[in-house]
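Report on the following structure.
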Amino acid sequence: MREFHPLLVRPRREPLLMLGPNEKGDIAEAEITAAAIRAGCTVSRPLTDHPPYDLVIEAGGRLLRVQCKWAPLKKGVVHVRLRTCSHSP
């Protein structure tokens with residue numbers, strides 16, 4: 001009997017589904033939301049796509065604006081490329 005990875009529902013020989021940036025962002029947002037809820041936080045979403053954040057998480061009596069990002073997992077480590085940009089008046 002062929003074994004399947006618990007997160008995959010396809011045999012290993014089939015091609016992977018190619019996700020676009022919107023789908024990757026949606027998955028990242030859903031996973032972060034679920035993790036925050038499991039941690040006992042309240043999660044809110046803005047009504048429009050225009051704010052510079054994706055979620056508002058209430059934690060420890062504070063409201064935290066959160067920007068969700070997708071990052072690859074390599075050998076059990078999440079690899080995040082960080083850059084800074086300063087556009088102050």
Side-chain angles (χ1 to χ4, degrees):
M1 178 176 236
R2 178 179 259 179
E3 288 187 35
F4 292 92
H5 186 279
L7 297 178
L8 300 178
V9 292
R10 58 164 185 74
R12 291 178 187 251
R13 290 186 180 153
E14 290 182 22
L16 288 172
L17 175 65
M18 296 303 292
L19 299 173
N22 289 337
E23 291 84 9
K24 289 178 180 181
D26 291 342
I27 292 169
E29 192 172 315
E31 293 287 344
I32 292 166
T33 298
I37 292 170
R38 282 193 296 271
C41 299
T42 300
V43 180
S44 300
R45 297 181 64 193
L47 293 174
T48 65
D49 290 332
H50 305 295
Y53 54 88
D54 297 315
L55 305 170
V56 177
I57 297 177
E58 183 180 351
R62 295 179 57 200
L63 296 177
L64 307 170
R65 293 179 292 176
V66 177
Q67 179 72 46
C68 302
K69 297 294 180 189
W70 174 277
L73 183 66
K74 297 178 183 176
K75 297 182 181 180
V77 177
V78 177
H79 288 254
V80 180
R81 293 174 52 185
L82 301 176
R83 295 183 179 153
T84 61
C85 181
S86 178
H87 293 285
S88 57

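As the structure is a computational prediction, the values presented were derived from the model and not from experiment.
Following chains of ILVMFWY side-chain contacts shorter than 4.5 Å, one cannot reach L55 starting from I27, and the two form parts of different hydrophobic clusters. By the rule that hydrophobic residues join a cluster once side-chain heavy atoms approach within less than 4.5 Å of another member, I32 and I37 end up as members of one cluster. The hydrophobic cluster containing V43 does not contain L63, counting ILVMFWY residues as joined when their side-chain heavy atoms lie under 4.5 angstrom apart, directly or transitively. Note on V66: it does not cluster hydrophobically with V56, by side-chain heavy-atom contacts below 4.5 Å among ILVMFWY residues.
What you find for A59 and C41 is that their closest heavy atoms are CB-SG, 3.9 Å. Residues Q67 and P52 come closest through the heavy atom pair OE1-O, 2.8 Å.
With rounding to the nearest 0.5 angstrom, the CZ atom of R38 is 10.5 Å from the OG1 atom of T33. Rounded to the nearest 0.5 Å, atoms CE (M18) and NZ (K24) are 7.0 Å apart.
Sorted by first and then second residue, the salt bridge (charged side-chain N to carboxylate O under 4.0 Å, His left out) pairs involving residues 52-63 (not counting sequence neighbours) form an empty list.
Judged as a salt bridge (Lys or Arg N to Asp or Glu O under 4.0 Å), and not counting sequence neighbours, the contacts of R45 are E29.
Atom CG of L47 sits in a sparse spot, with 12 or fewer heavy atoms from other residues, nucleotides or ligands closer than 6.0 Å.
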